[in-house]
Amino acid sequence: MPWNDEFWDREEVMDRKDLEEIQFKRLKQTIKKAYENVGFFRKRLKSVNLTPDDIRSFDDFAKVPFTTKEHFAENYPFGLIAVPLSEIVRIHTSSGTSGKPKVVAYTAKDIENWTNLVARCFYMVGIRRGDVFQNMANYAFFTGGLGIHLGAERVGAVTIPAGVGNTERQVQYMVDFGTTAIHSTPSYALHVKEVAEEMGLIDKLKLRIGCFGAEPWSENTRKRLEDAFGINAYDSYGLSEMNGPGVAFECKEKQGLHIWVDNYFVEIVDPKTGERVGEGEKGELVLTPLTKEAMPLLRYKTGDITILENEKCGCGRTHPRLMRIFGRSDDMLIVRGVNVFPSQVEHVLMQIPEVGDNFQILLTRKGALDEMTVKVEVKDEFFTGEIEDLKRLQQKIQRALQLELMLRTNVELVEKGRIERSMGKAKRVIDLRSI
Ligand code: DLL
């Protein structure tokens with residue numbers, strides 16, 4: 001296979017009509033594969049009196065029942081696999097419900113296809129042969145390790161399997177190897193930035209590009225990372241059930257993430273009713289992989305809340321865009337009846353110059369009332385010990401949060417380093433209300 005410029009460009013600007021044709025053909029194949037090879041899907045289709053032949057349009061497909069993460073628990077470990085184990089070459093897991101991890105499996109062709117999808121994302125943001133790409137993600141069961149790694153190698157970058165942790169060594173390598181591109185969770189990137197500043201090496205870095213994903217983050221965090229590292233920072237979305245990273249990715253316009261609809265069929269539904277929402281409306285992302293051999297999931301409810309944008313992008317690519325993920329429907333906090341996404345809190349805090357890079361939300365109950373306390377690290381230069389200054393800052397943060405959330409919160413200011421750093425996905429919320 002010639003992995004040259006022409007190869008990647010051709011896939012990104014396919015005609016919309018051709019894309020739809022490919023989608024429908026692949027969708028039919030996926031339904032058939034699932035029906036014929038996975039008892040679970042056969043039963044699900046039969047429960048609504050459907051056979052694969054009854055699905056003749058994208059609208060008909062809406063009659064197929066959803067697959068949820070609970071179904072992963074029920075079919076643990078291998079119940080959703082559509083090929084014999086002898087054809088499986090890799091397994092990853094990610095945290096699931098009722099103590100059972102979600103197990104996802106790949107054939108050799110799945111790995112090949114996934115690698116090309118991740119490479120397509122990296123090519124899009126300008127990562128090329130000669131770039132030094134440091135992958136600061138966990139290489140164990142997490143798909144952000146190997147999945148990202150193979151995609152970066154495929155575009156020809158010098159790929160460093162750095163993993164997470166040992167942050168001082170990571171920063172030293174970035175300087176020594178002349179790293180030009182990094183990948184990590186945004187929360188770990190903030191920690192790397194902090195350590196690079198402490199080591200006095202932040203100005204010695206040669207970074208151009210940062211790819212960040214696997215958890216929600218905000219425009220203001222983007223700005224912090226871009227300013228500190230002198231990079232362009234891009235949002236990367238994916239989930240293990242759909243291979244892992246490489247499902248959707250921002251282009252240089254940074255106006256939403258192109259979702260590769262030749263490989264994933266996209267629906268946005270009302271999370272409660274399951275009905276498809278109107279164009280441009282916010283809802284839950286439901287995905288059906290169109291090319292997976294090992295695990296052809298039908299209408300998988302991701303839990304992720306977003307908007308699908310069909311307008312053509314300034315970059316010329318024809319694949320539609322997902323707007324930045326607001327959060328998961330199950331991450332949404334209800335505090336005294338008000339809906340709050342942790343990403344909204346992040347958005348507010350990261351635009352306040354005195355605020356450091358870490359925060360945590362603590363939920364407690366006082367009598368019948370919920371209390372939300374936001375613990376905020378303050379940058380060293382503002383943590384002066386002057387009570388009056390701190391009081392003013394605390395009130396400023398409280399007002400900014402109230403304006404965004406329509407909710408009164410307590411704000412507790414702490415010194416830098418007082419909140420535990422995350423190496424992978426950050427734990428932003430501690431909910432003590434049910435204890
Ligand atoms: O997080 C795959 C991945 C690895 C994506 C590296 C990007 C980079 P899981 O561990 O299965 O897979 O978690 C998937 O993480 O359903 C979202 O809730 C969340 N998530 C992933 N990317 C983003 C993002 C990987 N860019 C779950 N913004 C998903 C917000 C994200 N949330």
Side-chain angles (χ1 to χ4, degrees), residues 67-69 72 91-97 100-106 114-115 117-119 121-122 125 133-152 161-164 181-189 210-219 221-222 225 233-250 254 256-260 264 266 271 284-287 289 295 297 300-307 321-332 341-344 346-347 422-429:
T67 307
T68 64
K69 57 183 176 182
F72 269 86
I91 278 169
H92 282 276
T93 63
S94 92
S95 51
T97 50
K100 289 264 190 270
K102 282 173 275 186
V103 175
V104 294
Y106 308 76
W114 179 24
T115 301
L117 282 172
V118 176
C121 301
F122 291 155
V125 297
F133 183 102
Q134 195 160 326
N135 186 18
M136 302 188 289
N138 183 353
Y139 272 69
F141 291 100
F142 181 48
T143 51
L146 281 171
I148 291 283
H149 188 103
L150 293 185
V164 281
I182 49 173
H183 166 258
S184 72
T185 58
S187 54
Y188 187 56
C211 306
F212 305 116
E215 64 184 3
W217 56 305
S218 67
E219 273 311 305
T221 299
R222 180 194 329 254
L225 290 169
Y234 298 104
D235 194 1
S236 153
Y237 171 80
L239 61 164
S240 316
E241 301 88 311
M242 301 290 136
N243 286 324
V247 175
F249 212 93
E250 277 181 330
K254 301 179 189 164
L257 299 84
H258 287 284
I259 178 149
W260 306 126
Y264 301 99
V266 184
E284 180 176 354
L285 177 67
V286 172
L287 292 174
M295 273 196 155
L297 302 177
Y300 185 68
K301 277 189 112 199
T302 64
D304 296 322
I305 304 297
T306 183
I307 294 170
R321 283 163 291 157
L322 297 181
M323 293 301 111
R324 196 184 265 291
I325 308 285
F326 294 94
R328 300 182 53 78
S329 47
D330 44 15
D331 276 354
M332 191 180 76
F341 280 107
S343 59
Q344 289 175 287
E346 179 184 316
H347 182 73
S422 83
M423 294 295 148
K425 306 193 189 215
K427 183 156 174 49
R428 295 286 190 211
V429 181

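Start at 1 and go down the list; that is how both ligands and their atoms are numbered. The first residue in the sequence is number 1, and the count goes up from there.
Of all atoms in ligand 1, numbered sequentially from 1 with element shown, those under 4.0 Å from a heavy atom of Arg328 are 16 (O), 18 (O). Heavy-atom proximity to Ile325, at under 4.0 Å, picks out these atoms of ligand 1: 28 (N), 30 (C). Atoms of ligand 1 found under 4.0 Å from any heavy atom of Thr143, numbered from 1 in the order shown, are 2 (C), 12 (O). Atoms of ligand 1 found under 4.0 Å from any heavy atom of Gly144, numbered from 1 in the order shown, are 4 (C), 6 (C).
For ligand 1, none of its N or O atoms has an N or O atom of Ile148 under 3.5 Å away. At a 3.5 angstrom cut-off on N or O pairs, Trp217 does not count as close to ligand 1. On a distance-only criterion, Ser236 and ligand 1 share at least one N/O pair closer than 3.5 Å.
Of the listed residues (Gly147, Ala214, Ser343), the one carrying the non-hydrogen atom nearest atom 19 (C) of ligand 1 is Ala214. Closest to atom 16 (O) of ligand 1 by heavy atom, among Asp331, Leu239, Thr302, Asp304, is Asp304. Within the set Ser240, Ala248, Pro186, the minimum heavy-atom distance to atom 11 (O) of ligand 1 is found for Ser240.
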Where do Arg222 and Glu250 land on the salt bridge (charged side-chain N to carboxylate O under 4.0 Å, His left out) test, with the steps shown first? CA-CA 12 Å; Arg222 180 194 329 254; Glu250 277 181 330; 2.8 Å; yes
Hey, mind stepping through Phe212 and His183 against side chain to side chain contact (heavy atoms under 4.5 Å, CB included) and telling me if it holds? CA-CA 6 Å; Phe212 305 116; His183 166 258; over 6 Å; no
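Under 4.0 Å from ligand 1, the heavy atoms of Phe142 that appear belong solely to its side chain. Here Lys425 has side-chain heavy atoms under 4.0 Å from ligand 1, and that is the only part of it that gets that close. With a 4.0 Å cut-off on non-hydrogen atoms, Asp235 touches ligand 1 through its side chain and not its backbone. Contact annotation: for Ser94 versus ligand 1, heavy atoms closer than 4.0 Å belong to the side chain alone. Proximity of Lys102 to ligand 1, defined as any heavy-atom pair under 4.0 Å, is not found for any part of the residue.
Checking Ser343 against Ser218 by side-chain atom types alone, no donor-acceptor pair falls below 3.5 Å. No side-chain donor from either of Thr302 and Glu284 sits under 3.5 Å from a side-chain acceptor of the other. A donor-acceptor contact closer than 3.5 angstrom links the side chains of Tyr264 and Asn243.
The shell of residues lying under 4.0 angstrom from ligand 1, judged by heavy atoms, includes His183.
Gly238 N, 3.6 Å is the protein heavy atom nearest to atom 5 (C) of ligand 1. Of all protein heavy atoms, the one lying nearest to atom 31 (C) of ligand 1 is Glu215 N, 3.6 Å.
Contact check for Leu285 versus Tyr300: no side-chain heavy atoms found under the 4.5 Å cut-off.
Salt bridge Glu215/Arg428: absent, no basic N to carboxylate O contact under 4.0 Å.
Residues Ile305 and Pro271 share a closest heavy-atom pair of CD1-CG, 4.2 Å. Residues Val429 and Pro342 share a closest heavy-atom pair of CG2-CG, 3.7 Å.
A distance below 6.0 Å separates the ring centres of Tyr139 and His149.
Using a distance-only test at 3.5 Å, with no hydrogens or angles considered, no donor-acceptor pair links the side chain of Lys427 to the main chain of Ser422.
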